[in-house]
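The chains referred to below are lettered A, B, ... by the order of the sequence lines, with proteins before strands, and numbering in each begins at 1.
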Number of protein chains: 2
Amino acid sequence: MTRDEDASRPAGLVYDAWRGVLFATSRTLQIAEPDLIARAGFPLTWLDVLAQLYDAADDGLRMQELEQRSLFTRSGLTRLVDRIEAAGLVRREAVPGDRRGVQVVLTPEGRRRHDAAFADHNKFIEREFGRRLTEAQLRAVAEALATFWHDDEVSAEG
Amino acid sequence: MTRDEDASRPAGLVYDAWRGVLFATSRTLQIAEPDLIARAGFPLTWLDVLAQLYDAADDGLRMQELEQRSLFTRSGLTRLVDRIEAAGLVRREAVPGDRRGVQVVLTPEGRRRHDAAFADHNKFIEREFGRRLTEAQLRAVAEALATFWHDDEVSAEG
DNA sequence: TAGCAGTATCTGTCACGTCAACTATTGATT
DNA sequence: AATCAATAGTTGACGTGACAGATACTGCTA
C-alpha cells in the first residue's frame, strides 16, 4: 500500500522521470552556480534577470513583467533588483505615464557583464549537462518538457 | 557572438533541453510543495529525509550517510533534522561503537506520517507532472536522465 | 598514556527569498 | 472635485540553508 501507483501506467515510470528531472537540475545547478560565481562574479539569479532585460526592448521591463518571466515573487524581485542595481548592472527608471511604476534597464556595464556571463554559462551547460546525453536524448527531453514553459500562467503579455 | 554554440550540435539543442528540465522542476515544485504542506503538514525537505530513513535499515542512518544521499550540506542537515526531531518524527540515538556519531531513526509516528505523505506526494506527481507527458515521453525522459543519479559522487558506502 | 591528526557533528553569523502589511498612484464613479 | 477599489512596488519580520570555525571523540604513534 505504500509504493504502488495507478495501474494505467507501468509502476514507477512517472516517478522515474520526475526523479531524473529533479536530480538533473540539482546536480547541474550545484556545479554551475559556483562556476558562474567564479567567472562572472554573480549568481544565476542575476543572470536570469540580466538575460530577461537583454531580450527585452531598450526601455527594459517593469518589475511586474520581470516577475511574470521569472520564478520569483515580487518582493523577492525587489530585493534581487536592489542588489543588481547596487552593483551597477541595472538602473531603475521612472515610467513615463505611470508614477507608481518602475522600468528596470540594463546599464552598459550590465550588458557587457551579461554577454560574458551568458556565454560562459552556456558553454558550461553545453559541457556538463550536454555531455551526458546523446543528441537524440537531448531532442527527446527538450521536446517532452517544452510544455513546461510556453504554457499556462506565463500569460499573454501586453 | 552572443548566442551561438559549438557547431557540433544544432544550436540551442542543449539549452532547450536544459531549459525544459529547469522549468519542469521549478513549476512542479512550485505547486507540489504547497500541496504537500497542506496535506502532510511538512515540506519536501522533510519527506526527503523521512524517505531515506524509510528505505534504510531499522537502525537508521548517520548524519554523514544522510548527507551523501541528500542534496544538503552537513550543517543544513543538522538544522533540518533538528526540526524534524522537534516534531517527533525522527529521533537521534547514540551509535554503539562511536560516541561522536549519531544515528537518525524514524519514530513510529514518523513512519506513519511518511507513508501518508509519500503516497499523497506520489499521487500528486503522477497527476501534475505525469499528465503532461505521454508514456513514450516519460520513458524517454527517465532513460535519458537516469545518468544523473546512479552516478559519480554518490560514492560507495562503507 | 600523552600527543596529535583525523573524523563526526554542531553552532555563530550571514545572505537570500517569502508572506503579510504598508505607501503611493491610478482610474472609475459620483 | 471627492471617494474608493485596484494596481505597482517596497518594507518588516521571519524561516531556511550555506560557510567557516568550534567541540567532542577516535585511533595511531611514540
Subject >> A:Glu67: partners by side chain to side chain donor-acceptor pair (under 3.5 Å), with sequence neighbours left out >> reply: A:Arg74
Original post:
Can you find a heavy atom in the side chain of B:Val49 that is under 4.5 Å from one in the side chain of B:Phe72?
Top reply: no
**OP:** For B:Gln137, check side-chain contact (heavy atoms from CB on, under 4.5 Å) against everything at least two apart and list the hits.
**Re:** A:Glu143, A:Ala144, B:Leu133, B:Thr134
Scan nucleotides 24-29 of chain C against the protein and return all N/O pairs shorter than 3.5 Å with their distances rounded to 0.1 Å.
| unit_1 | atom_1 | unit_2 | atom_2 | d |
| --- | --- | --- | --- | --- |
| C:dT26 | OP1 | A:Arg99 | N | 3.1 |

**OP:** Could you tell me which residues satisfy side chain to side chain donor-acceptor pair (under 3.5 Å) with A:Asp48, sequence neighbours excluded, listed by chain and number?
**Re:** none
Original post:
Within this structure, what is the CD-to-P distance between B:Gln64 and C:dG6, rounded to whole angstrom?
Top reply: 16 Å
Original post:
Just how far, in rounded Å, is C1' of D:dG9 from CG of A:Leu61?
Top reply: 15 Å
Original post:
How would you list, by chain and number, every residue that makes a side-chain contact (heavy atoms from CB on, under 4.5 Å) with A:Thr107, sequence neighbours excluded?
Top reply: A:Arg91, A:Glu109
**OP:** May I ask whether B:Leu29 and B:Leu80 are part of the same hydrophobic cluster, defined by side-chain heavy atoms of I, L, V, M, F, W, Y residues being less than 4.5 angstrom apart, directly or through others?
**Re:** yes
Subject >> Sugar-phosphate or base contact per nucleotide [nucleotides 10-19 of chain D; S, B, -; heavy atom under 4.0 Å] >> reply: BBBB--SSBB
Original post:
Quick one: are B:Arg27 and A:Leu71 in side-chain contact, heavy atoms under 4.5 Å?
Top reply: yes
Subject >> Heavy-atom donor-acceptor pair, A:Glu33 side chain to A:Leu44 backbone, under 3.5 Å >> reply: yes
